[in-house]
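A short worksheet on the structure shown next.
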There are 2 protein chains.
Amino acid sequence: MASQNAVTEGTPARPRRQARGQQRIEEILHAAAAVFGEQGYDATTTNSIAKRAGISPGSLYQFFKNKDDIARALAEHYATQLTALRAGVFTIENLDGAGLEDTVDAVLGPLVAFNLAHPGFKALFARTDMPAGLRDAVTPIQVTIHHRVADLIAHFMPDRALDDIARIATVSIQLVRGMTPLITEADGPERDALTAELRTAVISYLSQQVARVPQHTRPRAARA
Amino acid sequence: MASQNAVTEGTPARPRRQARGQQRIEEILHAAAAVFGEQGYDATTTNSIAKRAGISPGSLYQFFKNKDDIARALAEHYATQLTALRAGVFTIENLDGAGLEDTVDAVLGPLVAFNLAHPGFKALFARTDMPAGLRDAVTPIQVTIHHRVADLIAHFMPDRALDDIARIATVSIQLVRGMTPLITEADGPERDALTAELRTAVISYLSQQVARVPQHTRPRAARA
DNA sequence: CTAAAATACGAGCAGATGCTCGTGTTGTCT
DNA sequence: AGACAACACGAGCATCTGCTCGTATTTTAG
């Protein structure tokens with residue numbers, strides 16, 4: 001956005017990255033994701049991230065202001081990948097004619113896969129009590145996610161009040177967030193079973209909500 | 001390690017408490033619950049607990065071995081009160097003839113009230129990623145809770161396999177745990193609304209599970 | 001009353017953690 | 001080639017946190 005060249009002084013300490021630096025940044029984020037996923041955010045030390053990335057602490061701080069800054073960058077990284085995921089799989093247009101179950105499947109499947117592929121994700125997003133710095137880093141992205149889910153839900157209950165929709169979206173997200181650590185920490189068949197349980201929980205909750213106002217809505221969720 | 005007591009050597013460093021000390025212990029636990037609830041477990045310092053309790057750090061460590069020990073004692077304190085709660089409200093015998101909805105209500109209502117009355121509770125139990133010390137402190141009690149919930153659930157689906165029952169109990173508990181922080185942090189009417197949503201989610205999830213095996217079970221959940 | 005145990009104090013230690021700083025190396029631009 | 005910026009290093013600083021220790025006071029036991 002702002003001019004990063006030497007002439008203007010808009011962003012003081014923002015160096016012009018070279019290719020090496022860009023790669024380092026990605027290596028650091030990769031290492032941070034791994035360590036966050038294994039140890040949790042609080043227990044993760046910046047020195048351990050540097051060690052994991054194969055660099056010195058000093059080098060790390062050439063690319064990131066502090067620990068929260070790493071979390072913020074990683075959160076944005078995840079947000080970007082989630083956006084790509086959405087574009088590829090569960091666009092609203094693609095699901096407009098689909099039923100509730102198919103929609104939930106279309107969202108939940110890739111989301112679980114994403115959590116398994118990116119162990120750091122749940123460490124940043126699936127916590128209920130966050131330190132202030134982490135909270136600031138992830139809330140904007142949580143708001144974005146909430147908007148998308150609310151849009152999706154609104155399609156199935158168009159005559160509900162907006163704050164009802166918002167609340168149902170919040171609850172749905174929270175159901176998923178609560179189950180995610182259980183799923184990622186389980187192995188093989190138990191993991192599949194828990195994923196199926198999550199699917200059941202979300203679908204039955206949302207079905208109940210759809211059925212709640214049967215006048216205007218056509219509650220035939222399974223077939224369009 | 002050396003025995004400082006005269007006669008028996010059963011519990012080496014366990015002094016014979018006087019009335020004053022017992023009261024101090026309760027004051028410390030009360031203070032710890034408050035600070036845990038406000039700051040979270042990690043952010044809470046032992047010195048801040050001592051300050052809140054109106055004593056010096058040295059005095060605190062005359063009654064508790066370390067920070068985890070405080071958490072463990074507080075967790076046991078909560079477990080005791082929960083047991084009293086169960087005895088008073090939702091004994092299995094009392095609910096044997098009741099339907100699923102009434103049973104869930106009988107559990108969820110007092111449980112939410114308990115969470116509101118004891119702000120430290122969710123800081124100890126409602127976290128998904130716990131430091132090792134805290135995990136050790138609360139897991140025994142979580143196992144107890146899980147047993148009780150599984151017993152309750154088993155009454156509604158007697159022909160399900162034991163690990164199915166266990167998994168359903170785990171998921172149910174997780175649904176409640178995930179929603180608890182949302183509920184306690186909300187105010188007035190929004191809190192009530194979220195509580196109602198939690199009720200809906202749990203009941204619809206469990207109803208779905210009860211309906212899944214209709215052969216042997218009599219799925220007349222609402223009326224006995 | 002007296003000795004021992006329990007309670008109380010609070011300055012401060014040992015260890016850890018996020019982060020810095022001085023210095024040296026690599027890359028880029030002219 | 002020279003100059004400057006980006007990159008890299010790692011010992012170590014400043015700070016915090018859980019906890020201790022020497023000491024003083026209160027309570028209990030005999």
Side-chain angles (χ1 to χ4, degrees), chain A residues 3-9 11-28 31-32 35-36 39-73 131-134 137, chain B residues 1-9 11-28 31-32 35-36 39-73 131-134 137:
Chain A
S3 62
Q4 56 185 0
N5 279 347
V7 190
T8 56
E9 300 200 3
T11 350
R14 191 95 171 251
R16 301 187 317 248
R17 297 273 173 232
Q18 9 186 271
R20 190 175 26 151
Q22 274 299 341
Q23 190 176 343
R24 275 275 179 268
I25 289 180
E26 286 169 25
E27 289 170 8
I28 292 170
V35 185
F36 282 154
Q39 322 252 4
Y41 180 78
D42 290 302
T44 297
T45 72
T46 55
N47 284 16
S48 76
I49 294 177
K51 195 171 198 176
R52 180 79 157 235
I55 61 175
S56 73
S59 297
L60 190 153
Y61 280 90
Q62 220 141 31
F63 301 102
F64 295 99
K65 211 170 115 278
N66 51 37
K67 188 179 174 181
D68 292 341
D69 194 32
I70 300 176
R72 170 173 280 114
L134 181 57
Chain B
M1 289 298 180
S3 65
Q4 55 187 4
N5 271 355
V7 194
T8 56
E9 301 199 6
T11 347
R14 192 97 170 247
R16 301 184 321 246
R17 299 274 172 231
Q18 348 184 305
R20 188 177 27 151
Q22 274 299 340
Q23 190 175 343
R24 274 276 179 267
I25 288 181
E26 284 170 26
E27 289 170 7
I28 292 171
V35 185
F36 283 153
Q39 322 250 6
Y41 180 78
D42 291 301
T44 297
T45 72
T46 53
N47 284 16
S48 75
I49 295 177
K51 196 171 197 175
R52 180 78 158 238
I55 62 174
S56 73
S59 296
L60 191 154
Y61 281 89
Q62 219 140 29
F63 301 103
F64 295 98
K65 207 169 118 280
N66 52 35
K67 189 178 173 180
D68 292 340
D69 194 32
I70 300 176
R72 169 172 281 114
L134 179 58

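Below, read A as the first sequence line, B as the second, and so on, with proteins coming before strands; counting in each chain starts at 1.
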Quick one: closest heavy-atom pair of [X] and [Y], and the distance?
| X | Y | result |
| --- | --- | --- |
| B:Ala31 | B:Arg52 | CB-CG, 3.6 Å |
| A:Gln62 | A:Arg17 | O-NH2, 3.1 Å |
| A:Phe64 | A:Asp69 | CA-OD2, 3.6 Å |
| B:Ser48 | B:Val35 | OG-CG1, 3.7 Å |

Atom pair distance, as rounded to whole Å: [atom1] in [X] and [atom2] in [N]:
| X | N | atom1 | atom2 | result |
| --- | --- | --- | --- | --- |
| A:Lys67 | C:dT17 | NZ | P | 9 Å |
| B:Leu134 | D:dG18 | CG | C1' | 16 Å |
| A:Phe63 | D:dC9 | CZ | C1' | 12 Å |
| A:Ile28 | D:dC7 | CD1 | P | 10 Å |
| A:Gln18 | C:dT25 | CD | C1' | 12 Å |
| B:Tyr41 | D:dT17 | OH | P | 14 Å |
| B:Leu60 | D:dC21 | CG | P | 16 Å |
| B:Gln22 | C:dT7 | CD | P | 9 Å |

At less than 4.0 Å, is any side-chain N or O atom of [X] found next to OP1 or OP2 of [N]? Yes or no.
| X | N | value |
| --- | --- | --- |
| A:Arg17 | D:dC7 | yes |
| A:Ser59 | D:dA8 | no |
| A:Arg20 | C:dT26 | no |
| B:Arg16 | D:dA29 | no |

Q: Indicate yes or no: at least one non-hydrogen side-chain atom of A:Lys67 is less than 4.5 angstrom from one of A:Tyr41.
A: yes
Q | Side-chain heavy atoms of A:Ile70 within contact of A:Phe63, under 4.5 Å | A | no
Spacing of [atom1] belonging to [X] relative to [atom2] belonging to [Y], to within rounding of 0.5 Å:
| X | Y | atom1 | atom2 | answer |
| --- | --- | --- | --- | --- |
| B:Thr44 | B:Ile49 | OG1 | CD1 | 6.0 Å |
| A:Glu26 | A:Gln23 | CD | CD | 7.5 Å |
| B:Leu134 | B:Phe36 | CG | CZ | 8.0 Å |

Q | Which nucleotide in C:dC19, C:dG18, C:dT7 has an atom nearest any side-chain atom of A:Asn66 | A | C:dC19
Q) Of all the choices, D:dG18, C:dA6, D:dA8, which nucleotide is nearest to the side chain of B:Tyr61 once you look at every atom? A) D:dG18
Q | Inter-axis angle, terminal five-pair segments of the helix from C:dC1-D:dG30 to C:dT30-D:dA1 [nearest 10°] | A | 10°
Q.
Base, sugar-phosphate or nothing for A:Gly58? Non-hydrogen atoms, less than 4.0 Å.
A. base
(Q) Just to be sure I understand the geometry, which residues of residues 48-57 of chain A put a non-hydrogen atom under 4.0 Å away from DNA chain C? (A) A:Pro57
Q: Test A:Ile28 against A:Ile25 for side chain to side chain contact (heavy atoms under 4.5 Å, CB included), laying out the working first.
A: CA-CA 5 Å; A:Ile28 292 170; A:Ile25 289 180; 5.6 Å; no
Q. Hey, which of these two, A:Arg24 or B:Asp42, hits DNA chain D nearer its 5' end, going by closest nucleotide?
A. A:Arg24
